[in-house]
Number of protein chains: 2
Amino acid sequence: MGATKRFIYNQSINEIANIAKVFAHPARVAILKYISEQEGCINNDLVDEIGLSQATISQHLSVIGDAGLLKGRFEGKKKCYCINIERFEEFQILLNSFFIKTKTNCC
Amino acid sequence: MGATKRFIYNQSINEIANIAKVFAHPARVAILKYISEQEGCINNDLVDEIGLSQATISQHLSVIGDAGLLKGRFEGKKKCYCINIERFEEFQILLNSFFIKTKTNCC
DNA sequence: TCGTAATATTGCAATATTACGATGATAAAA
DNA sequence: TTTTATCATCGTAATATTGCAATATTACGA
């Protein structure tokens with residue numbers, strides 16, 4: 001009890017939910033917004049900008065990264081993040097098709 | 001500690017996160033999909049269809065409903081749900097603009 | 001090699017979410 | 001009136017998420 005029963009849903013439904021989950025925390029939305037506005041980006045900027053601890057920002061970054069939305073490369077000791085546009089667009093399209101399909105079928 | 005610090009983000013960021021949260025559970029995605037495919041809908045159909053308990057389905061329905069995505073009316077003892085298309089489209093547009101804005105600013 | 005800055009990881013406490021049984025309310029059917 | 005069906009709510013257990021301090025790791029410059 002308590003855990004999401006992923007196995008009872010089909011793959012495309014789980015996919016939508018997983019995508020949505022990335023955007024379901026304001027810190028992650030703020031991080032994506034901020035990264036998109038910069039030329040690359042470093043963690044410490046985000047700490048100052050957003051106001052969460054470095055550990056917490058790093059954690060959120062890894063959630064975004066695990067979803068495939070980040071390209072990160074080290075420039076010296078700083079890490080420059082960049083949004084993986086291909087993946088980001090994939091998310092956009094998948095979500096949007098869900099909306100369109102749902103609307104079309106609707107009463 | 002532990003709770004999301006909503007107050008440190010601006011309104012539009014929280015709005016995106018709140019919208020995403022509705023779709024961030026596969027049961028809610030499945031419910032929306034199913035409702036959209038029916039002429040109205042009742043809870044027990046969803047219980048059979050999805051395979052969660054009636055209480056759990058009802059809980060998810062209220063999350064979707066609190067977000068403003070449902071129009072529900074009773075027909076006798078059955079409750080007929082319908083998606084609130086206006087609100088649903090609003091969500092679609094808000095999410096999509098977030099994607100577009102983020103992409104545009106991106107490196 | 002040492003010191004330091006940037007980032008990642010770990011461990012833990014606080015809080016939120018998910019799921020379900022039990023209970024209650026309501027309305028049709030018997 | 002009693003029964004049955006539908007749905008919401010409450011209480012609670014299991015699990016997940018969030019956030020941070022402490023600690024590691026990594027990479028650079030002196």
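Below, chain A is the first sequence line, B the second, and so on; all start at residue 1. Just so you know, these numbers come straight off a predicted model, no measurement behind them.
In terms of phosphate contacts, B/Y81 brings a side-chain nitrogen or oxygen within less than 4.0 Å of OP1 or OP2 of D/dA8. Contact between the side-chain N/O atoms of A/K79 and the OP1/OP2 oxygens of D/dT26 is not found at any separation under 4.0 Å. Phosphate contact (OP1/OP2 of C/dA19, side-chain N/O of B/T56, threshold under 4.0 Å): absent. Taking only side-chain nitrogens and oxygens, A/K5 never comes nearer than 4.0 Å to OP1 or OP2 of D/dT15.
Across the strands present, C/dA13 finds its partner in D/dT18; the criterion is a Watson-Crick or G-U wobble pair with both atom distances under 3.5 angstrom. When Watson-Crick and G-U wobble pairs are counted only if both distances are under 3.5 Å, C/dA27 pairs with D/dT4. Across all strands shown, C/dT1 is found opposite D/dA30 as a Watson-Crick or G-U wobble partner, with both distances under 3.5 Å.
Here the P atom of nucleotide C/dA28 and the NZ atom of B/K78 are 12 Å apart, to the nearest Å. In this structure, the CG atom of A/D48 is 14 Å from the P atom of C/dA5, given to the nearest Å. At whole-Å resolution of the value, CZ in B/F7 and P in C/dT15 are 13 Å apart. With rounding to whole Å, B/I64 atom CD1 is found 12 Å from D/dA8 atom P. Between the P atom of C/dA6 and the CG atom of A/L61 lies a distance of 15 Å, rounded to the nearest Å. A/L46 places its CG atom 16 Å from the C1' atom of D/dG19, with the value rounded to the nearest Å.
Two residues, B/A55 and A/S62, neighbour DNA chain C, and the one matched to the more 5' nucleotide by heavy-atom proximity is A/S62.
At a non-hydrogen distance threshold of 4.0 Å, nothing from residues 9-18 of chain B comes into contact with DNA chain D. Contacts between residues 19-32 of chain A and DNA chain D, defined by a heavy-atom separation under 4.0 Å, are made by A/H25, A/R28.
Nearest nucleotide to the B/L52 side chain, out of D/dC7, C/dA19, C/dT10: C/dA19.
Of all heavy-atom pairs between B/V22 and B/A67, the closest is CG2-CB, 3.6 Å.
Checked against a 6.0 Å centroid threshold, the rings of A/F23 and B/F99 count as neighbours.
Using the six-membered ring where Trp is involved, B/H60 and B/H25 have ring planes that are tilted, between 30° and 60° apart.
Atom CD of B/E15 and atom CG of B/N10 lie 10.0 Å apart (nearest 0.5 Å).
A donor and an acceptor atom sit less than 3.5 Å apart, one in the side chain of B/Q59 and one in the base of C/dA19.
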